[in-house]
Structure formats: structure tokens, C-alpha cells
Student: 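Sharing a structure here in C-alpha cells format.
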Amino acid sequence: MNAISIANKVKSGEIKATDIINDYLDRIKEKDKKINAFLEVFADSALKKAEEIDLKVAQKKPVGTLAGVPVAIKDNMLYKNHRMTCASKILENYISPYSATAVEKLLEEDAVIIGRTNMDEFAMGSSTENSAFKNTKNPLNEKHVPGGSSGGSAAAVAATMALISLGSDTGGSIRQPAAFCGVYGLKPTYGSVSRYGLAAFASSLDQIGCFTNNPEDMKLAFSVISGHDKKDSTSSILQQTEKKFDIKAIKIGIPKEPFMEGLEPKIKEEFLLTIQKLKNLGASMLDISLPNTQYALPTYYIIASGEASSNLGRYDGTRYGLNSKKADSLINFYKLSRGEGFGPEVKRRIMLGTYSLSAGYYDDYYIKAQKIRTLIKNDFKKAFTEIDIILTPTTPTTAFKFGDKLKNPISMYLSDIFTIPASLAGVCAVSAPCKNKTEAGLSVGMQFTSNHFNETSLFSILGLLSD
Ligand code: GLN
């Protein structure tokens, strides 16, 4: 059953929210011993919420559009009175004083928050191996990583331990794990979902989005979590562009850049199959060029690391989380608290970011990267005057094995080559799973990118392809 039908059955009283939640809690107990998608299961508060929903139904009071739907959240979003760690030792004992707007909106629609999911520490990574606590396995093949940084959220939906999950995507952290785990993953337009209550990594890129098992649930989840929020100064007042969708009038662009070469053979095969399917549906396919996206990866790593080094300055041991007991002076207190609290990838980003923001290097690195970001944005702007949607694979390879890329951070960074350009441009993009799997049982994801506030056309095209 999908989220929509569960919510309808709960609303009509045909099934009880408590039964659904107990079912999911049992399934988590059974499956998550192996998968490790969750850092914590909120059994008590989930059951309490489910009882409230059942009571409302019994009293014929109105209930929300997600009534009784079990939703998992990435461990970098606040949920009042619940722990949030960003999978980091530095926040190991942090309890949320309030809820993120996206979480609040889910609760208002009577979703049930079932637990918080594993991730790369502070959302930095592509395999969830940078979590300070545990490794999450890919439910399709447990020898392989689930992708990252929202690997736990992707795995939770893929293993049906939640119907919907929230993730955050800064450079691909929803789309890449969605592709690896064989589920749908949406990175909305920057500014369409409030970042209030999301622990900041790179503020100009971070965006909350969702994982689901089908396009209809994605549309519903997005409609619930999106919308203007006064509490987030980068939240947009612009609304969705609701255009009538006719596949025969849709023009799909295929970038002709060199990075489209070098795909894993199975990904190339599925990519060509998707093009064929779209043609059969009546869409027109056009060659396009996004010339500056060849610089997207280094541009992203300068901007994201710079913003991260500034955002993570707040974890100094005096305000949040871990504070070192070994320090004998103030400066040592800062050094030891951060040294003990952060893992190696986070430290690497802080060092890179601090360097590129420092006097003397700022113009050469950060400012230069910002200029290239504008050129990349303009590439997309120009492309969207000619076409409606851009199609690429989500990733150049399928899910890799544990440890394969851990020793070489650059090769890990390369797994986001297709997802980062849309993040820099702030446009919306979604990863959809292809039907055919590899011999190892792994999934291939296709990425559909559209212009700002044009998510609805993405949902429409996914709907047609999944039929
Ligand atoms: N893998 C990319 C990184 O490590 C993207 C992370 C993300 O989107 N949060 O920065």
C-alpha cells in the first residue's frame, strides 16, 4: 500500500493508525538489525501520535492528509524533545528544543514520525560511512553502501520500514542514495521547503526533500512540506507553476558534455532505454549543452566547504554538545572539544573551507567559485528557454562496496558529478528508479531536472514512466 491509500483507510476508519504503526515498528525490529537505517526509533511518541489520530477518527474530527503514515526523518532535522545528532559525536546528547518547519508540517497533517535515520556526519559524504555511529547497508545488496549522505532515509523506505522519509540534499544527498537504493528521491527547488530547524551544512545549497516508493506519494509529501516560512529568510514566496502537462508538448534535453561518457555499462543501457520510452510516449528529445557544468565539482567543494567551515563554527563546546574534560585553557578547550567531537571528513571540510575563505585566498577561491556558480546557473537558464526537462543518469555507477572509496575522498566526491550542477543552480531535480536491476540486484536511477518551482511537471513525467 502507498501512503495515500493508508491515509485514506485510516481516515475512513477502515484501519487503525495504531495497527499500522505497530506493524512498522515490528518490521523495523526485524529488519533493522541488519540494515541499520535508524539511529533511533521513536516507538513511544509514534504510538502516542497514532492513538491521537485514532481518537480523532472515532470522534469524527477532521484528520490530516498523511493520517497514520509512518515517516522517518534524517538525523539533522529537529523534532521537539527528541534527540538529534547529525550522526556526530559532537551532538551525541543534543535534544531538540523545537521542531523543524518541515517536521511540524508533517505532524499537522497527522503523519507519524517513526524515528531518525543514519547519515554521513553533518551530511558530508556519499555513502553514509562517515556516520560516527554505524554503517547502513543497502537493502538491495547488503555488501554495498546505501549512498549518502541521507543513506538511512533511503534505506528505510527501500526496506519498507517507513512509507516516506525526509532527507537533505546539498549536492546530491537525496538523489544519489535514492538511485543506489531503488527508490524515488526529490531535491526540491532551493527555497521551496523551509530550512528552519535543519542543521546547516552549506546554507546556500541545503534543501530538505523526500524519499518515497512511488511518484504519487512524492507529490503528496512535497505538497505537505513545501511553502513559504517566515522563519527562514531564504524561503521563497513564489508558488509552484501549475502548467497543464502534455507529454507530447514536452521537450527533453540531453546534455552533450564529456562527463556523460564513462558511465557504467548498465547505467548507459538504462539511460538509452529511458530515452526510448520517453520518445515512445511522444516527448521530443533535444541535444543541449551546459558548458560550465564541467567546473561544477570543484566549484561545489569550494562553496560548500567554505559555508560549512563558517556554519560549524558554532560547535565550540560552550553552547552545544560535547565539551572536552581534558582542557586546561580556553584555547585548548575549543581545540579539544572540536578535535574529539568531529570526524575526519568534517575536519577535512573545515580546513578546506577555512583556507579558501581566508584573507589572501578569498578572491582566488571563494569569489571565483561564486562567479562560476553564476555561469552554471546561466547555462540552466538558457537551456530552459529551449527545453522543459533535462535527463541524465543520477550517478555514474551503481552502489559501490563498503570501503571502496573511503581511502580516496576525491573518488567519493565524483559520485555526485550529475547531481551537483542542479544544486548550484538551485533548480529542482528528482531521481527515479529504473525497473531493471544489475546482476548484483542493484538499482539504477535516472535524474530529471526542471526549472525553479516546476516540481509538478517532474511528478507528471514520473507518473507516466511508472505506469
Ligand atoms: N556528497 C556531497 C558532499 O559530501 C553531497 C552531500 C549532500 O548533499 N549533503 O558534500
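Since we're looking at a predicted model, the values are computed, not measured. Note that ligands are numbered from 1 as they come in the structure, with each ligand's atoms numbered from 1 the same way.
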Student: Just checking, is any N or O donor in the side chain of E455 or T189 under 3.5 Å from an acceptor N or O on the other one?
Tutor: yes
Student: Any ring-ring contact (aromatic ring centres under 6.0 Å, His included) involving residues 163-193? Give me the pairs, sequence neighbours left out, ordered by first then second residue.
Tutor: F180-F400
Student: Does any non-hydrogen side-chain atom of N311 lie less than 4.5 Å from one of F122?
Tutor: no
Student: Would you say CD1 of I237 has more than 12 non-hydrogen atoms from neighbouring residues, nucleotides or ligands within 6.0 angstrom?
Tutor: no
Student: Residues in ring pair (Phe, Tyr, Trp, His ring centres under 6.0 Å) with H82, at least two apart?
Tutor: F42, Y79
Student: Protein residues near ligand 1, heavy-atom distance below 4.0 Å?
Tutor: A123, M124, G125, S126, S149, D169, T170, G171, G172, S173, F201, Y300, Y301, R349, D416
Student: Could you list the donor-acceptor pairs under 3.5 angstrom formed between side-chain atoms of residues 34-41 and any protein atom two or more places apart in sequence or on another chain?
Tutor:
unit_1: N36; atom_1: ND2; unit_2: N135; atom_2: O; d: 3.4
unit_1: E40; atom_1: OE1; unit_2: R116; atom_2: NE; d: 2.9
unit_1: E40; atom_1: OE1; unit_2: R116; atom_2: NH2; d: 2.9

